**Student:** 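Got a structure for you, questions after.
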Amino acid sequence: MDTLLDLVAEHGTALRWQTIVANDRPDRLEWIVRHPYAQIGFSDAGAHLRNMAYYNFPLRLLRMVRAAAARGRPIMSPERAVHRVTGELAQWFGLDAGRLAPGARADLVVVDPEALDDRLDALHEQPVAPPAAGGPFSELRRLVRRNDAAVRRVLVAGRTAWHDGALAPELGRERFGTVLRA
């Protein structure tokens, strides 16, 4: 710890490091994602102000399932993996969401399976707030995981909110869907 603090004192914001905090043993992780009591849905792919952006586990699960199948050791079907991160979570929380059916919420994510690759692991920095906004956060940057190639389109209540790496211009200015209530 002393060494880390010395490096921070010497290098300030130029210092970057990585650490493994969990899920570094693929065989154990495969067991966990198959376990019926494990909820698979965590993502903090940019939720923190500065120093953490672990990963978007739903996309990593899809990549893991695809890679295991390619190795001839499937851990679950792609359809089961999608259900684990959509319908299963919605059912657990008592939400009317997470399924494709007539009359259901039209929230949908279109994923390109060919882009479920090492780009999911890349770290990026982006401003916390747009520089034009001014204020105390206009110069702060945060770590994020960008999944632009993998997530091709996001629809909220049937309206495109994200497409080919860009937010819809009306997102944040017009109403898109509703908050899910339990």
Side-chain angles (χ1 to χ4, degrees), residues 20-49 52-122 142-168 170-172 174-182:
I20 296 172
V21 295
N23 301 331
D24 63 324
R25 295 169 294 165
D27 60 324
R28 302 311 304 154
L29 183 55
E30 290 175 2
W31 180 85
I32 291 168
V33 300
R34 283 192 307 262
H35 198 284
Y37 296 151
Q39 286 188 334
I40 310 299
F42 175 74
S43 173
D44 74 341
H48 303 283
L49 280 181
M52 292 185 290
Y54 289 115
Y55 50 76
N56 184 337
F57 196 80
L59 291 176
R60 288 182 57 128
L61 174 66
L62 297 178
R63 179 178 69 181
M64 182 189 320
V65 165
R66 206 171 136 81
R71 289 191 311 270
R73 285 190 31 230
I75 56 176
M76 70 180 73
S77 71
E79 297 84 2
R80 175 74 180 125
V82 168
H83 185 256
R84 296 243 40 211
V85 298
T86 58
E88 190 173 286
L89 289 173
Q91 183 179 5
W92 172 263
F93 289 109
L95 302 172
D96 184 20
R99 59 189 169 80
L100 294 175
R105 294 176 58 93
D107 298 340
L108 184 71
V109 175
V110 178
V111 174
D112 178 357
E114 297 299 322
L116 297 172
D117 55 27
D118 289 344
R119 290 174 285 184
L120 295 181
D121 302 325
R142 65 189 175 113
L143 295 178
V144 297
R145 300 286 183 169
R146 298 295 309 220
N147 307 129
D148 300 4
V151 177
R152 306 302 299 168
R153 185 180 297 258
V154 175
L155 286 89
V156 177
R159 296 180 64 193
T160 297
W162 173 268
H163 180 44
D164 288 337
L167 292 171
E170 59 274 19
L171 188 66
E174 298 175 16
R175 184 177 177 158
F176 272 63
T178 60
V179 174
L180 293 174
R181 304 273 183 218

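Fair warning: this is a prediction, and the values are worked out from it, not measured in the lab.
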**Student:** For A157, is there any backbone N or O sitting under 3.5 Å from a side-chain donor or acceptor partner on D107?
**Tutor:** yes

**Student:** For A81, which residues count as a side chain to side chain contact (heavy atoms under 4.5 Å, CB included) partner, sequence neighbours excluded?
**Tutor:** L61, L62, V65, M76

**Student:** Flag yes if more than 12 heavy atoms outside L100 fall under 6.0 Å of its CG atom; otherwise flag no.
**Tutor:** no

**Student:** With side-chain contact (heavy atoms from CB on, under 4.5 Å) as the test, would you mind laying out the steps for H35 and E30 before giving the verdict?
**Tutor:** CA-CA 9 Å; H35 198 284; E30 290 175 2; over 6 Å; no

**Student:** At their closest point, which heavy atom of D121 faces which heavy atom of R63, and how far apart are they?
**Tutor:** OD1-NH2, 3.1 Å

**Student:** So, do D118 and L120 sit near enough that their side-chain heavy atoms are less than 4.5 Å apart?
**Tutor:** no

**Student:** For the side chain of R119 and the backbone of N147, is there at least one donor-acceptor N/O pair under 3.5 Å apart?
**Tutor:** no

**Student:** List the atom of R84, the atom of I32, and the distance in Å for their closest heavy-atom pair.
**Tutor:** NH1-O, 4.5 Å

**Student:** More than 12 heavy atoms of other residues, nucleotides or ligands under 6.0 Å from CG of D27: is that the case?
**Tutor:** yes

**Student:** Taking the basic N atoms (NZ, or NE/NH1/NH2) and the acidic carboxylate oxygens, is any pair closer than 4.0 Å for R66 and E114?
**Tutor:** yes

**Student:** Compare every heavy atom of A97 with every heavy atom of A90, then report the nearest pair and how far apart it is.
**Tutor:** CB-O, 3.0 Å

**Student:** Taking atom CZ as the centre, does R25 end up with more than 12 heavy-atom neighbours from other residues, nucleotides or ligands that are less than 6.0 angstrom away?
**Tutor:** no

**Student:** Does Q91 have more than 12 heavy atoms from other residues, nucleotides or ligands lying within 6.0 Å of its CD?
**Tutor:** no

**Student:** Check the side chains of R153 and T160 for a donor-acceptor pair under 3.5 angstrom, ignoring hydrogens and angles.
**Tutor:** yes

**Student:** Between E88 and R99, does any NZ, NE, NH1 or NH2 come within less than 4.0 Å of an OD or OE carboxylate oxygen?
**Tutor:** no

**Student:** Does a side-chain heavy-atom distance below 4.5 Å link V111 with R152?
**Tutor:** no

**Student:** Provide the closest heavy-atom pair for W162 versus V151 in the form atom of the first, atom of the second, distance.
**Tutor:** NE1-O, 3.2 Å

